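Encoded as structure tokens, the structure appears first; notes follow it.
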Amino acid sequence: MIHLGVNIDHVATIRQARRTVEPDPVAAAVLAELGGADGITVHLRADRRHIQDTDVKQLRRTVRGVLNLEMAPHEDGGILAVALNLVPDQVCLVPENRAEVTTEGGLLIRAEDTILCRCIELLRARRILVSLFVEPDPETIKLAQQLGADAVELHTGSWANAWASCRGRREDPSLRHELARLENAAEAAAAIGIRLHAGHGLTYANVSDLKHLPALREVNIGHCIVSRAVMIGMQQAVRDMKNLLV
Ligand code: PXP
């Protein structure tokens, strides 16, 4: 079965909107694991817009499955130090740009990128499984392995956008093109034996259309799960408040 990492960043986004204590992403992680999550994913960004250092610290103590920390591959914002100190089970290195709403595009990997190589080396020396968030491109995947990564997470955002534009119509040329890119990338990963993960823009509607990717081990899904959790919980939350007003 494909491993599900639940990204709880947006629970922290709601909390940070008021700089208060609720909703608590650590409590959300406990509930996600009770619901069957195989892992919990959080992105500690340099601007600390949602997840905070203390969240990661507490999650390290409470998460029973895999704790996957997403971070940019450099020393800005002290995030590498947090990772080396707290030792999550897994780190996914992602590009980060302060102006973006969410992670845009995969990492640009170059063989001579000494900062990226050093980051991978330091994390692996702490026995942290290192994954690189990449575009579905066979050459990039080979390079990721050469640089020492254990896994690649394929950026599924373009495919998810194509899926949304045609509502999943399999014969749509742009959806076929995006799916072929993911399939080729997955085959390249399987051929060289690097672990394959995928994520970004996956939803309840589209995820089944990627289950056939060869050797896909893990998906990381955030926004749509947090969105659904808000909707599913709304009726009860209002009922609880009404009861206090009787
Ligand atoms: N994987 C990576 C590397 C990401 O940056 C994100 C977004 O934070 C996700 C998965 C989850 O994407 P989404 O919130 O669209 O499910």
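Every number for a ligand or one of its atoms is a count from 1 in the order of the listing. Source: prediction; values computed, not measured. No hydrogens, no waters, no symmetry mates; every other heavy atom, side chains included, goes into these values.
Using modelled atom types and a 3.5 Å distance limit, the side chains of R61 and Q58 yield no donor-acceptor pair. Using a 3.5 Å distance cut-off with no hydrogens or angles, the side chains of N68 and E70 do not pair a donor with an acceptor. For the residue pair H200/T102, the side-chain donor-acceptor check at 3.5 Å is satisfied.
The pair R64-D38 does not meet the salt-bridge criterion, since no charged nitrogen lies less than 4.0 angstrom from a carboxylate oxygen. Salt bridge annotation for E100-R45: present, with a cationic side-chain nitrogen under 4.0 angstrom from a carboxylate oxygen.
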Could you check ligand 1 for N or O atoms lying under 3.5 Å from protein N or O atoms and list the pairs with distances?
unit_1   : atom_1 : unit_2 : atom_2 : d
ligand 1 : 1 (N)  : E70    : OE2    : 3.4
ligand 1 : 1 (N)  : E153   : OE2    : 2.5
ligand 1 : 5 (O)  : E70    : OE1    : 3.2
ligand 1 : 5 (O)  : T103   : OG1    : 2.9
ligand 1 : 8 (O)  : N7     : ND2    : 3.4
ligand 1 : 14 (O) : H223   : N      : 2.9
ligand 1 : 15 (O) : G201   : N      : 2.9
ligand 1 : 16 (O) : G222   : N      : 2.8

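Its side chain within the 4.5 Å cluster rule, L31 clusters with V30, L34 among the Ile, Leu, Val, Met, Phe, Trp and Tyr residues.
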